[in-house]
Number of protein chains: 4
Amino acid sequence: MAETLDDKLKAIQQEGNHMTKKQSQIVEAAIELIAEKGYYNTSTSEIARRAGVAEGTIFRHYETKKDLLVAIVTPAIANFSAPFFAEKFVKEVFDESYQSFEDLLYAFIRNRFEFAQSNVPILKILLQELAFHPEIQTTYKQVFGTTVYPAMDHAFTYYKEKGEIGDLPTDVLIRMIVPTIIGFMIDRFMLNPQKDWDDELELRRTVEYILQGIRKNECQ
Amino acid sequence: MAETLDDKLKAIQQEGNHMTKKQSQIVEAAIELIAEKGYYNTSTSEIARRAGVAEGTIFRHYETKKDLLVAIVTPAIANFSAPFFAEKFVKEVFDESYQSFEDLLYAFIRNRFEFAQSNVPILKILLQELAFHPEIQTTYKQVFGTTVYPAMDHAFTYYKEKGEIGDLPTDVLIRMIVPTIIGFMIDRFMLNPQKDWDDELELRRTVEYILQGIRKNECQ
Amino acid sequence: MAETLDDKLKAIQQEGNHMTKKQSQIVEAAIELIAEKGYYNTSTSEIARRAGVAEGTIFRHYETKKDLLVAIVTPAIANFSAPFFAEKFVKEVFDESYQSFEDLLYAFIRNRFEFAQSNVPILKILLQELAFHPEIQTTYKQVFGTTVYPAMDHAFTYYKEKGEIGDLPTDVLIRMIVPTIIGFMIDRFMLNPQKDWDDELELRRTVEYILQGIRKNECQ
Amino acid sequence: MAETLDDKLKAIQQEGNHMTKKQSQIVEAAIELIAEKGYYNTSTSEIARRAGVAEGTIFRHYETKKDLLVAIVTPAIANFSAPFFAEKFVKEVFDESYQSFEDLLYAFIRNRFEFAQSNVPILKILLQELAFHPEIQTTYKQVFGTTVYPAMDHAFTYYKEKGEIGDLPTDVLIRMIVPTIIGFMIDRFMLNPQKDWDDELELRRTVEYILQGIRKNECQ
DNA sequence: CATGAATGAGGCTTCATTCAT
DNA sequence: AATGAATGAAGCCTCATTCAT
């Protein structure tokens with residue numbers, strides 16, 4: 001138990017490496033089934049069947065069914081939240097790589113959009129199960145509190161000073177921006193994935209909506 | 001099965017009337033427990049215990065556990081979505097009761113905010129369980145499609161013509177507005193209910209954010 | 001959890017009363033099977049089958065399989081150890097109902113012999129499972145320490161003063177007497193129950209052996 | 001399967017010889033764990049872990065888990081019961097090496113005491129598991145019937161004739177003596193090993209108790 | 001209407017044993 | 001000989017649902 005959550009998160013990002021073939025079959029099957037039907041409607045025997053392994057094999061790799069869920073969802077939290085902030089927000093904002101908040105926001109949304117696009121089922125699971133599993137909530141809070149929030153706070157402060165963002169607290173800005181982005185992705189990937197989307201257009205619209213919504217209110 | 005969904009919805013809105021004492025105890029207990037722990041983590045025996053009735057009594061009133069869930073959630077859908085639109089949007093917008101889109105939006109958000117405030121647990125259930133129960137999804141789509149969407153579409157058209165809203169499709173407007181409002185409520189009532197909220201201020205900020213986000217872009 | 005072990009023991013002695021028919025079928029079947037094959041070789045499904053009930057019914061009455069074991073064994077401990085001491089040792093020894101230690105010992109052995117005779121399977125379980133279940137050990141120690149030991153200690157002191165017993169510590173006397181008695185019963189009821197026993201003779205022999213073994217060593 | 005039990009017993013007594021290092025690690029680990037927690041509470045994976053070998057390695061040396069148990073317990077039976085009788089009882093009693101039954105009994109108890117002292121865990125296993133494993137019972141009966149009983153019978157007859165032992169059947173004498181000795185050892189090594197024992201004193205007391213218990217009843 | 005004992009299908013998990021490497 | 005991943009039978013337990021009272 002000396003292992004910290006932080007260690008775990010790091011370990012997780014390289015997970016793919018040391019997984020046996022059967023293990024990744026299990027994870028893949030679990031992701032498909034749980035995304036589709038939810039954690040409590042998916043039995044371990046069903047996962048085993050779809051993965052083409054014996055039920056006992058699941059428990060050789062994951063002590064409990066919940067451990068399997070956590071093993072699926074934790075990297076998603078780490079990867080969805082962290083990378084962009086670690087690399088882009090913190091570094092490039094200082095580098096002034098982004099001329100304006102708009103540039104940053106656009107890069108951010110596009111980057112997360114692309115990540116989501118490649119990870120729809122896992123993110124679906126994350127969204128659906130977050131409410132029911134304290135273990136996941138803890139990880140989420142940890143990641144959000146140490147990585148996402150500070151980076152956002154930092155960036156907001158910077159652009160507020162530059163006058164590009166209205167004078168709203170970070171909490172409020174997050175409460176505006178995040179649901180807008182997630183709302184778009186839910187619509188795009190979960191509610192109406194089959195629709196004939198013009199992703200470029202919608203990304204622009206989303207950026208625009210947020211930008212106008214939070215910008216300094218100069219024209220009123 | 002001649003009964004249509006529509007009939008059901010109507011019946012539901014007057015439900016309170018014909019419920020026996022035991023029955024409302026059951027519903028109340030179920031709401032508390034399911035909101036707190038989720039549908040699959042709440043057993044009928046637990047509901048019976050908290051309600052102070054025998055387990056069999058639940059099944060005298062609801063054929064299955066899922067029926068009980070549906071009986072809880074369906075009126076929430078009907079009531080959360082419908083009333084305002086039926087009464088205010090449709091009628092008063094025509095009456096020109098609302099001078100501006102801002103007035104309408106503000107009235108709408110405040111109205112829904114107050115409704116949410118009095119129905120936190122049920123709405124929590126709705127939000128959490130919607131993903132897992134096709135029965136609920138069907139009801140939701142039906143209500144949304146026949147009541148909410150048309151009313152919104154109507155209003156948006158009206159105010160777009162008046163130049164108060166930018167020229168965005170109804171779908172897009174909904175995708176912008178709804179997550180913003182729901183996101184606020186989740187923060188307010190579910191994630192941080194204990195915070196020292198200045199509700200008036202936050203309502204204003206929410207309206208402002210939406211308004212700027214979707215208004216005609218005159219000042220750029 | 002306010003309930004003390006003592007309360008439990010009392011409750012247990014009247015247990016028979018409030019057991020439903022199915023419940024006593026379960027207990028009876030469990031006793032038979034566990035006595036014969038041991039706790040870990042007896043499955044709950046087997047118990048259910050022999051009891052003529054559904055497997056789930058067991059768990060309506062006993063939360064876990066181990067609870068069932070404890071429910072079987074605890075009264076045996078209470079009843080095997082306690083009654084004689086409470087009633088006879090303590091009271092009658094003072095009354096001088098027993099002229100000599102021999103009388104007391106004989107009455108005691110005969111009394112416990114008869115009890116054992118009517119409870120062979122349960123006592124077999126107690127003997128076999130005591131080593132593996134801390135829950136049972138705890139009960140045993142409690143009963144022994146508060147009831148059996150004090151009564152024996154009392155009686156030994158009394159008869160030592162009368163010169164009928166040699167000057168050995170209570171611990172040692174118990175270590176001599178108890179295995180002799182239990183050893184006899186194991187032979188009689190468990191190892192060779194089918195033998196053609198002359199119980200009166202063997203009881204006498206057992207008393208004699210103990211008596212000579214611990215008496216004041218006058219003739220050497 | 002031409003191999004008789006007798007062959008096996010002989011083979012067993014030289015077992016140490018042909019055991020590989022891993023094999024004795026396995027046996028040692030198994031003894032520790034099974035003594036502590038019982039056969040059914042000890043998994044082969046746990047034994048393998050403690051032994052520092054792979055789980056499969058156990059099954060290379062012992063076809064089944066039960067075979068491992070038998071391999072542990074059979075030599076204990078052979079060694080606990082047999083040697084003294086074979087060497088001492090039979091030979092030395094005839095040699096009249098022991099002047100009196102007391103001398104023999106004392107030598108016997110001391111000898112078995114010392115053996116027990118060096119083999120507590122294995123004897124614990126024997127005692128605890130004997131009831132549940134017919135394979136062990138068979139071995140036990142075989143050894144007892146062919147080695148212990150005849151030797152004892154022989155010695156008893158001899159000393160009865162010399163008038164040192166009362167006229168009791170061998171069965172009865174065994175039923176008196178054996179539980180007394182085993183009872184002492186259980187107390188000494190299993191129930192209260194940590195106590196500050198004066199072993200010499202207790203050995204003497206045990207001998208004394210048995211001796212008086214079974215001697216010719218001359219002084220009554 | 002209400003009760004609650006009884007049901008039995010199905011879920012998660014353990015573990016002795018096998019086998020390809 | 002040794003390994004350890006994989007197996008799958010079997011175990012304990014949960015829980016929605018039924019039904020006699």
Taking atom C1' of F:dT21 as reference, at what distance in whole Å does atom CD of B:Glu55 sit? 17 Å
OP1 or OP2 of F:dC12 versus the side-chain N and O atoms of C:Thr44: is any pair under 4.0 Å? yes
Closest nucleotide of DNA chain F for D:His61 versus for A:Ile58: which of these residues is on the 5' side? D:His61
Using whole Å, report how far OH of A:Tyr40 lies from P of F:dT14. 15 Å
Whole-angstrom distance between E:dC1 and F:dT21, as gauged at atom C1': 13 Å
Across all strands shown, which nucleotide pairs with F:dA1 by Watson-Crick or G-U wobble geometry, both distances under 3.5 Å? none
Walking DNA chain E from its 5' end, the first of D:Asn41 and A:Ser45 to be reached, judged by nearest nucleotide, is A:Ser45
Protein-nucleotide distance (B:Asp67, atom CG; F:dT18, atom P), rounded to Å: 11 Å
Mark yes when over 12 heavy atoms from residues, nucleotides or ligands other than A:Lys37 sit less than 6.0 Å from its NZ; otherwise mark no. yes
Please give, in whole Å, the distance from E:dT7 P to C:Lys21 NZ? 11 Å
Atom pair distance, as rounded to whole Å: CG in A:Leu68 and P in E:dT13: 10 Å
With B:Lys65 as the cation and B:Tyr39 as the aromatic partner, state whether NZ or CZ is under 6.0 Å from the six-membered ring centre and within 45° of the axis. yes
Rounded distance (Å) that lies between atom P of F:dT14 and atom CZ of C:Phe59: 8 Å
A:Thr57 side chain N/O closer than 4.0 Å to the phosphate oxygens (OP1, OP2) of F:dT7? yes
Side chains of D:Lys21 and D:Gln25: closer than 4.5 Å at any heavy-atom pair? yes
Using the side-chain heavy atoms of D:Thr20, tell me which of these nucleotides is nearest: F:dA2, E:dT13, F:dG8. F:dA2
Check this one for me: any side-chain N or O of C:Lys22 less than 4.0 Å away from OP1 or OP2 of E:dT7? yes
So, is C:Arg60 near the phosphate of E:dA5, with a side-chain N or O under 4.0 Å from OP1 or OP2? yes
I'd like to know whether B:Glu55 forms a side-chain hydrogen bond (donor to acceptor under 3.5 Å, both in side chains) with B:Ser45, so could you lay out the CA-CA distance, the side-chain angles of the two residues, the decisive distance to 0.1 Å, and finally the verdict. CA-CA 6 Å; B:Glu55 207 170 346; B:Ser45 79; 4.7 Å; no
Rounded to whole Å, CZ of A:Arg49 lies from P of F:dA6 at a distance of 20 Å
Whichever of C:Thr42 and B:Lys66 has the more 5' nearest nucleotide on DNA chain F, that residue is C:Thr42
Which is true for B:Ser43 with a 4.0 Å heavy-atom rule: it touches a base, it touches only sugar-phosphate, or it touches nothing? sugar-phosphate
Using a 6.0 Å cut-off, check whether atom CD of D:Glu63 has over 12 heavy atoms from anything other than its own residue. no
Can you work out whether D:Gly56 or C:Gly56 has the more 5'-proximal nearest nucleotide on DNA chain E? C:Gly56
Using whole Å, what does the distance between atom P of nucleotide F:dG11 and atom OH of C:Tyr39 come to? 13 Å
